[in-house]
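In what follows, a structure is listed as structure tokens, so that the remarks can point back to it.
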Amino acid sequence: MGWKAAQKLIHHWRILRGDNVVITRGKDRGETGVIKRVIRSQNRVIVEGKNLVKKHIKQGQGHEGGIFSVEAPLHVSNVQVVDPVTGKPCKVGMRYLEDGTKVRVSRGIGASESIIPRPEILKIRTTPRPTVAGPKDTPMDLVLEKTYDAKAGRGMPDL
């Protein structure tokens, strides 16, 4: 990626995975869908079941070949978040509540200025946290071992 393309990357994303969006440009204009994936390095999103293209896939080990319909990425400027109250497309703004939490709000002409809730799918971790200590984890007895004695000054490196 060149430096000009890198300058055009969105730094503060307001559209998240799991949001309800309306497609504003392209062959699926006016249709609504849920964002399946966000590709931040290209400023693109994949909407579930929309912008389908035919893809020729060669047969390989473990999978069959053929012509499949897959979802192609859309540029983020071609989708708008659906206002949760009115059900119409709106712009997304940020606001701080009285308790200090940062929330997304709907903005624009005809928008209800209501809070856009964070999608539930973001609360589910895709990879679970490990519960068993692995080979690179430090054993608990070494973590709790006391290596410095403040009164005797033992354990300090010689500087």
Side-chain angles (χ1 to χ4, degrees), residues 1-138 140 143:
M1 172 188 317
W3 64 273
K4 278 208 169 182
Q7 279 183 323
K8 295 179 182 177
L9 287 179
I10 297 171
H11 297 291
H12 305 289
W13 278 76
R14 296 191 168 141
I15 295 179
L16 303 172
R17 180 171 52 103
D19 274 343
N20 258 345
V21 292
V22 173
I23 299 173
T24 57
R25 302 261 192 296
K27 61 183 179 184
D28 292 327
R29 180 185 319 149
E31 295 183 20
T32 61
V34 177
I35 291 187
K36 187 177 181 180
R37 185 170 164 223
V38 176
I39 308 168
R40 293 184 184 214
S41 62
Q42 299 174 3
N43 285 348
R44 295 185 179 272
V45 294
I46 294 177
V47 182
E48 206 169 313
K50 306 295 177 212
N51 198 28
L52 295 174
V53 294
K54 299 282 188 190
K55 186 156 185 159
H56 295 254
I57 298 176
K58 200 176 191 180
Q59 183 176 359
Q61 235 176 1
H63 63 84
E64 209 169 301
I67 302 170
F68 298 100
S69 290
V70 294
E71 296 136 347
L74 287 162
H75 196 269
V76 75
S77 64
N78 296 335
V79 297
Q80 278 191 317
V81 176
V82 174
D83 191 335
V85 175
T86 62
K88 293 182 179 177
C90 66
K91 294 179 181 178
V92 179
M94 298 303 229
R95 184 183 294 161
Y96 288 96
L97 298 178
E98 292 83 28
D99 60 347
T101 56
K102 191 175 179 182
V103 293
R104 301 182 301 159
V105 292
S106 58
R107 293 277 164 97
I109 299 168
S112 63
E113 295 286 326
S114 62
I115 294 174
I116 301 170
R118 194 166 166 82
E120 290 292 323
I121 196 163
L122 293 179
K123 296 174 183 167
I124 303 165
R125 285 185 62 91
T126 53
T127 54
R129 290 194 172 106
T131 54
V132 180
K136 293 189 175 183
D137 290 331
T138 308
M140 210 54 197
V143 172

Can I get a per-line list of side-chain donor-acceptor pairs under 3.5 Å for residues 2-13, giving both atom names and the distance, sequence neighbours left out?
unit_1	atom_1	unit_2	atom_2	d
Trp13	NE1	Ile10	O	3.1

Query raised in the report: For Arg44, what residues pass the salt bridge (charged side-chain N to carboxylate O under 4.0 Å, His left out) criterion, not counting sequence neighbours?
Result: none
What side-chain donor-acceptor pairs closer than 3.5 Å can you find for residues 25-35, not counting sequence neighbours?
unit_1	atom_1	unit_2	atom_2	d
Lys27	NZ	Leu52	O	2.6
Asp28	OD2	Asn51	N	2.5
Glu31	OE1	Lys50	NZ	3.1

Query - Residues in side-chain contact (heavy atoms from CB on, under 4.5 Å) contact with Lys102, at least two apart in sequence or another chain - result: Met94, Tyr96
Requested in this report: Could you list the residues that satisfy side-chain contact (heavy atoms from CB on, under 4.5 Å) with Thr138, not counting sequence neighbours?
Outcome: Leu142, Val143
Report task. For Lys123, check salt bridge (charged side-chain N to carboxylate O under 4.0 Å, His left out) against everything at least two apart and list the hits. Result -> Glu120
Indicate every side-chain donor-acceptor pair of residues 62-86 with a distance under 3.5 Å to a residue at least two apart or in another chain.
unit_1	atom_1	unit_2	atom_2	d
Ser69	OG	Lys54	NZ	3.4
Glu71	OE1	Lys36	NZ	2.9
Glu71	OE2	Gly49	N	2.8
His75	ND1	Ser77	N	3.2
His75	ND1	Ser77	OG	2.9
Asp83	OD1	Val85	N	3.2
Asp83	OD1	Ser112	OG	3.0
Asp83	OD1	Ser114	OG	3.4
Asp83	OD2	Thr86	OG1	3.3
Asp83	OD2	Ser106	OG	3.4
Asp83	OD2	Ser112	N	3.0
Asp83	OD2	Ser112	OG	3.1
Thr86	OG1	Lys88	N	3.4

Query raised in the report: For Ala111 and Cys90, which heavy atoms make the closest approach, and how far apart are they?
Result: CB-CB, 4.3 Å
Query - Rounded distance (nearest 0.5 Å) linking atom CZ of Arg104 with atom CG of Asp19 - result: 4.0 Å
**Report entry** Spacing of CD1 belonging to Ile115 relative to CG belonging to Leu97, to within rounding of 0.5 Å
**Finding:** 5.0 Å
Query - Check against side chain to side chain contact (heavy atoms under 4.5 Å, CB included), Leu16 and Val38 - result: CA-CA 7 Å; Leu16 303 172; Val38 176; 6.0 Å; no
Report summary line: The side-chain contact (heavy atoms from CB on, under 4.5 Å) partners of Asp137 (sequence neighbours excluded) come to Ala133
**Report entry** All salt bridge (charged side-chain N to carboxylate O under 4.0 Å, His left out) counterparts of Arg14, not counting sequence neighbours
**Finding:** none
Query raised in the report: Quick one: side-chain hydrogen bond (donor to acceptor under 3.5 Å, both in side chains) partners of Arg95, sequence neighbours excluded?
Result: Glu113
